[in-house]
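Structure first, commentary second.
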Amino acid sequence: MCYRVILFSPKSTKPLKTTLPFDFYFRHVICFFINATVCLIFTPFILALTQRIKLNPKPYLLALCMSANIGSVATITGNPQNIIIGAASGISYSKFFFHLFPVALAGLFICAGVIHRFYKKDLTSPVKTPEEALKYRYNKPLVIKSSLVALITVILFFLNVPMEIVSIGVGSFLLITRRVKPEKVYNLIDFRLLILFIGLFIVIKGVEKSVVFYSLVEHFQMLVTAPLSLVFSSLLVSNVVSNVPAVLIFKPLIVNYFNDEKAWFFLAMSSTFAGNLTILGSIANIIVIEGASPKVKIGFFEYLKIGLPVTLLSVLVGLVILSLF
């Protein structure tokens, strides 16, 4: 892993030339769990790591949020819109993964290439070796238990056990068998983020019940007649109203007019990849950019410079892959 190379290979002067941007993508962010969780965990880690070895954190923060978005397309549990699609379509977890994993993998290569192109100087500059070895503490039994539970969770997902039962079951097990005081856990909860999610879903439900929502559905019924128009309509709408409301708009259209499993895959791909276009396109982006803002400022246009080519290229490649297979 990227931190292993940096911390335990002090004689290397350029360990990040390929290790961090590529190894980070392929080992960490093919998300079996919500992409926002990945961003929440790794944002402070990247900030601390790049500060310690005197590197510009921007390419790594952009890599985090964009690759988390792209990787999340591979599974039903990768992001909120995929969960909605999985529930509405009835597609099994394994079948969803089989069709969209190649799309996610191709998108990750595109993301790595674009970021390397724009931040080549930062990614190839020599790394200053830390004067002292990093010291850290961790709860080994808890790490082992959590890792095993996460592995069992993924296996149960692939066996098509109902996701809500699996989630409640493994969550209850971790709570019942905990050895950490609850106060320590509560102190780590980001309540601002929880309020953001609560507000988001209240607004989404309100919009879904409104007259405007039904007008939008009727409007897009006339516009969307083929996979290509579905993909680019979803891409546009996702960046206007966000990807979760966009999926809710297109859901009745696919159920009533397309009646095709592949249409759900097109919608999942385009609505997820649309999140990389701008900072506001995805909750994962907001978590990373806001979480890093006290130390690093990434502006709207600086993000767009990377997000635009990543989004367009990954959507086009995804369209081709899904059309062929």
Side-chain angles (χ1 to χ4, degrees), residues 29 31-48 57 61-62 64-73 75-88 146 150 153 163-164 166-172 174-175 178 180-210 212-213 216 237-249 251 271-272 274-300 303 307:
V29 291
C31 297
F32 290 104
F33 305 101
I34 296 290
N35 56 355
T37 306
V38 176
C39 293
L40 198 62
I41 294 170
F42 279 99
T43 298
F45 169 77
I46 289 176
L47 286 172
L61 291 170
L62 291 170
L64 171 62
C65 56
M66 290 185 182
S67 55
N69 286 330
I70 293 171
S72 72
V73 78
T75 66
I76 290 176
T77 52
N79 55 57
Q81 64 269 20
N82 281 7
I83 294 174
I84 294 171
I85 290 171
S146 300
T153 301
M163 290 184 294
E164 61 276 13
V166 174
S167 301
I168 292 172
V170 298
S172 300
L174 288 173
L175 284 173
R178 72 180 187 274
V180 179
K181 291 182 179 179
E183 292 79 6
K184 290 185 177 180
V185 178
Y186 298 148
N187 288 334
L188 296 173
I189 295 174
D190 190 334
F191 286 99
R192 294 186 306 167
L193 185 61
L194 285 179
I195 293 171
L196 174 64
F197 273 107
I198 291 168
L200 174 66
F201 286 106
I202 290 173
V203 171
I204 288 171
K205 193 63 178 179
V207 171
E208 190 180 2
K209 296 293 183 180
S210 69
V212 175
F213 177 80
L216 286 171
V237 175
S238 294
N239 277 283
V240 175
V241 298
S242 188
N243 42 25
V244 174
V247 167
L248 293 175
I249 290 172
K251 184 175 72 171
S271 62
T272 299
N276 277 334
L277 185 60
T278 67
I279 292 175
L280 300 177
S282 166
I283 290 292
N285 300 346
I286 296 173
I287 290 171
V288 173
I289 303 303
E290 287 298 313
S293 60
K295 295 182 178 180
V296 182
K297 301 294 182 184
I298 299 177
F300 179 86
Y303 184 98

How long is the span from the [atom1] atom in [X] to the [atom2] atom in [Y], to the nearest 0.5 Å?
X      : Y      : atom1 : atom2 : value
Leu277 : Asn243 : CG    : CG    : 11.5 Å
Leu61  : Ser293 : CG    : OG    : 10.5 Å
Leu280 : Ile286 : CG    : CD1   : 5.5 Å
Asn276 : Cys65  : CG    : SG    : 7.0 Å
Met163 : Ile168 : CE    : CD1   : 12.0 Å

Tell me the closest heavy-atom pair linking [X] and [Y], and the distance in Å.
X      : Y      : answer
Pro294 : Gly291 : CD-O, 3.6 Å
Gln81  : Ser271 : CG-OG, 3.8 Å
Ser72  : Asn35  : OG-ND2, 3.6 Å
Val296 : Pro57  : CG2-CG, 3.3 Å

Counterpart residues, side chain to side chain contact (heavy atoms under 4.5 Å, CB included), relative to Ala150 (two or more places apart):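 Result, side chain to side chain contact (heavy atoms under 4.5 Å, CB included) vs Ala150: Phe33.
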Could you list the donor-acceptor pairs under 3.5 angstrom formed between side-chain atoms of residues 36-48 and any protein atom two or more places apart in sequence or on another chain?
{"residue": "Thr37", "atom": "OG1", "partner": "Ile34", "partner atom": "O", "Å": "3.4"}
{"residue": "Thr43", "atom": "OG1", "partner": "Cys39", "partner atom": "O", "Å": "2.6"}

Quick check against the 3.5 Å criterion: does Asn82 have a side-chain atom that pairs as donor or acceptor with the backbone of Thr75?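 At least one qualifying donor-acceptor pair exists.
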Any residue meeting side chain to side chain donor-acceptor pair (under 3.5 Å) with Asn285, in chain and number order, not counting sequence neighbours: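 Only Asn69, Tyr303 meet the side chain to side chain donor-acceptor pair (under 3.5 Å) criterion with Asn285.
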